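All remarks here apply to the structure that follows.
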Amino acid sequence: MLPKCFPPVSTVRGYFYAWRDSGLLATINHLLVMTAREQAGREASPSAGVIDSQSVKTSESGGICGYDAGKKVKGRKRHIITDTCGFLVFILVHAADIRTPPIAAALPVA
């Protein structure tokens, strides 16, 4: 469902995978969050954040999957951390059957 002005889907997908795997998308997000925080008159690096999780159903196509017995959902669980302005700092997606993810161990060190 790309607009007509974009290259073919396979080309866009190839760039996306390459940028994701090299860490470029995470770097772009980090720089955008720092810039937006400075424009809002705040310190560039957040000192506090909000953590939330959500279990979501998945389709029958591949990928990780598990059963969250507490919410009775078969699928994936996503954990996000945002700063106090609401900007995305970190995201982790895993099977829904994992109770507490090792988010602290996976966080980038500032």
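Values in this document were obtained by computation on a predicted structure and should not be read as measured data. Heavy-atom basis, side chains included; hydrogens, waters and symmetry copies ignored.
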Atom CZ in Arg76, atom NE2 in His94: separation rounded to 0.5 Å?
12.0 Å

Atom of Val56, atom of Arg78 and distance for their closest heavy-atom approach:
CG1-NH2, 3.4 Å

Using the rule that Ile, Leu, Val, Met, Phe, Trp and Tyr join whenever any side-chain heavy atoms are under 4.5 Å apart, tell me whether Phe87 and Leu32 fall into a single cluster.
no

How long is the gap from CD1 on Ile81 to CD1 on Ile51, to the nearest 0.5 Å?
4.5 Å

Name all pairs fulfilling the ring-ring contact (aromatic ring centres under 6.0 Å, His included) condition that reach into residues 18-46, sequence neighbours left out, sorted by first residue then second.
Tyr15-Trp19

Measure the shortest side-chain to side-chain distance between Tyr17 and Arg20 over non-hydrogen atoms and say whether it is less than 4.5 angstrom.
yes

Minimum-distance pair of heavy atoms, taken over all atoms of Gly66 and Ala96
O-CB, 3.7 Å

Spatial distance of atom NE2 (His79) from atom OG (Ser55) [nearest 0.5 Å]
7.5 Å

Linking I/L/V/M/F/W/Y whenever their side-chain heavy atoms sit closer than 4.5 Å, directly or via other members, would Leu92 and Val89 fall into one cluster?
yes

Side chain to side chain contact (heavy atoms under 4.5 Å, CB included), that's the test. Do Leu25 and Phe16 meet it? Break it down for me.
CA-CA 8 Å; Leu25 290 178; Phe16 171 77; 3.5 Å; yes

Asp83/Arg42 under side chain to side chain contact (heavy atoms under 4.5 Å, CB included): CA gap, chis, key distance, verdict
CA-CA 11 Å; Asp83 67 357; Arg42 296 181 155 272; over 6 Å; no

Kindly say whether Glu43 contributes a backbone atom to a donor-acceptor pair with the side chain of Arg37 at under 3.5 angstrom?
yes

